[in-house]
Structures are given as C-alpha cells and as structure tokens.
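Notes for the one structure printed next.
Throughout, protein chains are lettered first and strands after them, A, B, ... in sequence-line order, and every chain is numbered starting at 1. All values reported here derive from a predicted model rather than from experimental measurement.
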Amino acid sequence: KQEVTQIPAALSVPEGENLVLNCSFTDSAIYNLQWFRQDPGKGLTSLLLIQSSQREQTSGRLNASLDKSSGRSTLYIAASQPGDSATYLCAASISGSARQLTFGSGTQLTVLP
Amino acid sequence: GAVVSQHPSRVICKSGTSVKIECRSLDFQATTMFWYRQFPKQSLMLMATSNEGSKATYEQGVEKDKFLINHASLTLSTLTVTSAHPEDSSFYICSARDAAAVQETQYFGPGTRLLVL
C-alpha cells in the first residue's frame, strides 16, 4: 500500500527566502505526482503535476522535482511571499485503472512579512 | 482550468438525520469522481471511487451503507451521509477526473463542511 510522507510538518520563514518542501513515497510504481495548496477551510488548488516519466515541472516561482528511484519529490518555492502561506500537500497517483491519489499529511508554511 | 463545484458548502444537522452532498463537474465530463474526508489538522483520506453508471468502490474501513454514493451522470456524483452522528463531522471534498484530458489531473471541489450536533 502506498504511503506518502511530508517533512517538515510546519515551516516558518521570513519573506524573500527560498525554501524546499519534501515528499517521500514508498511505492515507486506511481502514475504521477501532484502538489497542491490548501488554504484554511478551503479546497485544494493544483500547483504542479509531474508524470512518472518526467523529472521536474516549473510554474512561475514553483519548481517540483521527481525521483522515482529514491521515492522522493521536492517543491521548491523561490522568493517566498506572505501570500504563499498555506498548507502544501503532495499526492501520488498509483498505477492502475482508477488512479487514486494518496496524500501526504502536508506541510504548513508560514511566510513572515 | 476545469471547475468542480460542491453543494452545500456548509451544513449543520441534528444527529440521526441524513445529509446529501453534491459534486458537479461544470465544464467537463467526469467518468470517475473521488470522495475524500479530511479531519482537522489531518490530510485527505480517500473514502470511495465513484464511477458513472456503476457501483462505487469503497476504501477499507468506510461503510458503504452509511456513505451512499450515486454517480448518475457524467457531471454529477452525490454522497449521502445516512443517520449522521457527531463523529461524522468533517470536511468532505470531491474530485473529478477529466475523461478527455491527456494528463489525468484531478480537479477538486471547494469542500463541504459537515457539523453534526
């Protein structure tokens, strides 16, 4: 059974700092891996999706990498802003017809002005 | 991007009543929808996979007779929490997969917060 772990559980950084969020998964037979953002009491916003054949994806100040062999993904946020404060979730989609997502427990990010 | 709506966004009910939550894909067809539950300070846990025109597949530990799922059309799935109890209070989120998209991104609804008194 796929298990997804995110470290750290919480992170507080000053504005402008570059930061890395970590995600690890136990089963390398993934279909894709997604990073989401969740604001308090809200649903999920998809940030980046990396297919199993890809190594990284970039969108603006965000860069996500995927290393299937080591079972790891990282989300790099450049020049952090207070508006980036949220919980960041990674989720691995398992291979198979349904492609269910298994979520990590999230990293709660606070960017201090 | 694709939009998924949920209704209601928030519901408060008395213990023992049933609550229906709707999940709609607004601008795409979704042969598969997923229902998740999120307790405070915890991550999303998959409850069931809903397939249009067939029975839902429930995850281990989720009671299918308590959480009734109906996926009657390519744009609508409903989750009914039957005889709700306070321990069912949670944040319920649905997602839908665009059947026509090359990349199988799941689009998430805004969630429904259920409080059972």
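Linking Ile, Leu, Val, Met, Phe, Trp and Tyr whenever their side-chain heavy atoms come within less than 4.5 Å puts A/L48 and A/L19 in one cluster. Hydrophobic clustering (side-chain heavy atoms under 4.5 Å, transitive across Ile, Leu, Val, Met, Phe, Trp, Tyr) groups A/F103 together with B/L46. Note on A/W35: it clusters hydrophobically with A/I77, by side-chain heavy-atom contacts below 4.5 Å among ILVMFWY residues. By the rule that hydrophobic residues join a cluster once side-chain heavy atoms approach within less than 4.5 Å of another member, B/Y36 and A/Y88 end up as members of separate clusters. Under the 4.5 Å side-chain heavy-atom criterion for Ile, Leu, Val, Met, Phe, Trp and Tyr, B/I21 and B/M47 are members of the same hydrophobic cluster.
Residue B/Q106 holds its CD atom at 9.5 Å from OG of A/S46, rounded to the nearest 0.5 Å. In this structure, the separation between CD on B/Q60 and NZ on A/K1 is 7.0 Å, given to the nearest 0.5 Å. Distance NZ/A/K42 to CZ/B/F91: 8.5 Å, rounded to 0.5 Å. A distance of 7.5 Å separates OG1 in A/T87 from NZ in B/K41, rounded to the nearest 0.5 Å.
Using a 4.5 Å cut-off between heavy atoms, A/L89 contacts chain B through its side chain alone, with no backbone atom that close. Within the 4.5 angstrom heavy-atom criterion, only side-chain atoms of A/Q38, from C-beta onward, approach chain B. Neither the backbone nor the side chain of B/Q6 has a heavy atom closer than 4.5 Å to any heavy atom of chain A. The part of B/I93 that comes within reach of chain A is its side chain, from C-beta onward, which places non-hydrogen atoms under 4.5 angstrom from that chain.
By the 4.5 Å heavy-atom criterion applied to side chains, A/L44 and B/L44 are counted as neighbours. By the 4.5 Å heavy-atom criterion applied to side chains, B/F108 and A/L101 are counted as neighbours.
In this structure, A/R61 places its CZ atom where more than 12 heavy-atom neighbours from other residues, nucleotides or ligands lie under 6.0 Å away. Residue A/I7 places its CD1 atom among 12 or fewer non-hydrogen atoms of other residues, nucleotides or ligands, all under 6.0 Å distant. Heavy-atom neighbours of B/K66 NZ from other residues, nucleotides or ligands within 6.0 Å: above the threshold of 12.
Of the residues considered (A/A91, A/G43, A/G106), A/G43 shows the highest number of contacts with chain B, using heavy-atom pairs under 4.5 Å.
The main-chain N or O of A/G104 is found under 3.5 Å from a side-chain atom of B/S43 such that the two form a donor-acceptor pair.
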